[in-house]
Protein chains: 2
Amino acid sequence: MTRPLRPAPRSPRKPRPAVAAHKAPAKAAGTRSGKAAASKPYHHGDLRRVLVEAAFDLVAERGPETVSVREAARRAGVSPGAPFRHFESRDALMAAVAAEAQRRFRQEIATALAAVPADQPLRRFRALGLAYLRWAMRNPGHFEVISDGRLFDFDAAQGEASGLKADNAEIIDMSAQWLADASAKGLLRSADVKLMQIAGRALVYGYARMKADGHFPRWGVGEAEIEPMAEAVLDLFLAGIAKGDGPIKGRAPRA
Amino acid sequence: MTRPLRPAPRSPRKPRPAVAAHKAPAKAAGTRSGKAAASKPYHHGDLRRVLVEAAFDLVAERGPETVSVREAARRAGVSPGAPFRHFESRDALMAAVAAEAQRRFRQEIATALAAVPADQPLRRFRALGLAYLRWAMRNPGHFEVISDGRLFDFDAAQGEASGLKADNAEIIDMSAQWLADASAKGLLRSADVKLMQIAGRALVYGYARMKADGHFPRWGVGEAEIEPMAEAVLDLFLAGIAKGDGPIKGRAPRA
DNA sequence: ACCTGAACACCGTTCAAGT
DNA sequence: ACCTGAACACCGTTCAAGT
């Protein structure tokens, strides 16, 4: 329900209704000079951040494809050309949005992992997968931005999205490490750590994308079922790679 | 390598180079009237199909996002407004492209299944997954169009994409049936057919999307590894849901 | 140093007018 | 019945000119 499946038919020739009440940004004072904030200053002062916030909100409200530089400029109360003083292109703006989304996502993962002992690799692997699924499910627009291939090899280490790349590499390394640890402890049926890592990633990525892409209705999965089934799917995978027939240690069996 | 990751920087203000040699469509004669085909007739005769073909090729060459109605019109040699006599909107044109892609995909699946005996449900399930992965991998653009949520509840049974929906439902039904059969034969560890069905779908969809979205380089999976690993991932999943420790019947073990 | 406003080359879509 | 061509409301991006 977070955004319409089709990006609002554009409605040509009709000036858009409402929503356009963004003339003066409600930022109130907040700028460094202690003077009266009544008259909008010529220099914005913090435009870069405001643009990223506007685009970030747009992504959450209506999905990544609907974000336009001009709309972000409108919401920030500046002219159409102004953003290009701060971002080389629309993609660069989106990369900044992706970096911000990834920052928040990373925080949630850290929180989820804090609750799991370091010496239980499979439980950590599971917690990572669950945090990934939950976050993606609850932030489909931001999940899409992060996953968009276009934004990634955006010049490799180009300052903009370098945090994005680093965070991603961290997740890749962690998951490989935990699987290797689990394997060393004799917890896994297979010794092919990379295979299990890629399969696990494909599983959670695919599930999250099915949600974001609106596939679940046609697979007969109702809205309320989606999150519980995400967990069940993850556990099915873990049970499949783990040695023995019992459920993964540390999870309550599904009633 | 099928398309650039970024949609070609638009290069404003410069008229595009080459490529514009599409003035007269190379369709030669072919039209019903036996007259000389030298002068382009005012009425195209088969515009609808030509537009779908043009868009279909565009999808393969440069990805779905780059398709424009105007470019399809250009390739068909008609004016910008002409397509709207045949398609209500850009989305309707894309839905027609998706239907055509799905038609071909369905054919490939049928071929793959023809080689597997009807009484071996797990092998059929595997063949379906493999055909899905292979087709998606080799036709990333068309895979994306088919998967695009926007094109689906395009008015439910709206004539345009009704074949698309029917084909999809068929795949859903087949996979459920085979899992149920396998379960009845005592081949599976779990009795939750729907869960295995959704998990399997998430796995193959996620893997195919990782390919289409360009994720594999950062996961350390080289181009040449992608297809073999697809198969291995599928078998890992099958080994996980199947009863017993041996490999799935009918597949050669990975050396 | 940063922003405006007008421009250019696109795009989707409509619609009168042509054939 | 189908197509053209001009139009409108967008969009990304550039650039001289303003502050």
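In the text below, chain A, chain B and the rest are named by the order of the sequence lines, each starting its count at 1.
Taking atom CZ of A:Arg74 as the reference point, atom C1' of D:dC11 lies 9 Å away to the nearest angstrom. Here C:dG12 presents its C1' atom at 14 Å from CG of B:Leu51, a figure rounded to the nearest Å. Nucleotide D:dC8 holds its P atom 14 Å from the CZ atom of B:Arg70, rounded to whole Å. Rounded to whole angstrom, the span from the CG atom of A:Asp46 across to the P atom of C:dC2 amounts to 12 Å. Rounded to an integer number of Å, the gap from A:Phe87 CZ to C:dC2 P is 13 Å. D:dC10 atom P lies 11 Å from atom CD of A:Glu71, rounded to whole Å. Atom pair B:Met94:CE and C:dC11:C1' shows a separation of 14 Å (rounding to whole Å applied). Following rounding to the nearest Å, A:Arg62 (CZ) and D:dC10 (P) show an atom-to-atom distance of 12 Å.
Nucleotides of DNA chain D nearest to A:Pro80 and A:Arg85 differ in position, and the one nearer the 5' end is that of A:Pro80. Judged by closest nucleotide on DNA chain D, B:Leu47 is the one of A:Val69 and B:Leu47 placed further toward the 5' end.
B:Ser175 pairs in a side-chain hydrogen bond (donor to acceptor under 3.5 Å, both in side chains) with only one of the listed residues (B:Glu170, B:Arg201, B:Gln197), which is B:Gln197.
Heavy atoms of B:Arg90 sit under 4.0 angstrom from primed sugar atoms or phosphate atoms, though from no base atom.
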For DNA chain C, the dot-bracket pattern of Watson-Crick and G-U pairs whose distances stay under 3.5 Å, | for other-strand partners: ||.|||||...|||||.||

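In this structure, B:Arg74 and B:Arg70 have side chains that are in contact, with non-hydrogen atoms separated by less than 4.5 Å. Between B:Met94 and B:Arg150 the shortest side-chain heavy-atom distance does not fall below 4.5 Å.
In this structure, CH2 on B:Trp135 lies 7.0 Å from NE2 on B:His142, to the nearest 0.5 angstrom.
Salt bridge present: B:Glu100 and B:Arg104 bring a charged side-chain N and a carboxylate O closer than 4.0 Å. Taking 4.0 Å as the cut-off between side-chain N and carboxylate O, A:Glu53 and A:Arg75 do not count as a salt-bridged pair. A salt bridge links A:Lys194 with B:Glu225: the distance from a Lys NZ or Arg NE/NH1/NH2 to an Asp or Glu carboxylate oxygen falls below 4.0 Å.
The side chain of B:Ser68 contributes an N or O atom lying less than 4.0 Å from OP1 or OP2 of C:dC11.
The nucleotide whose nearest atom lies closest to any side-chain atom of B:Phe84 is, among D:dA7, C:dT14, C:dA7, C:dT14.
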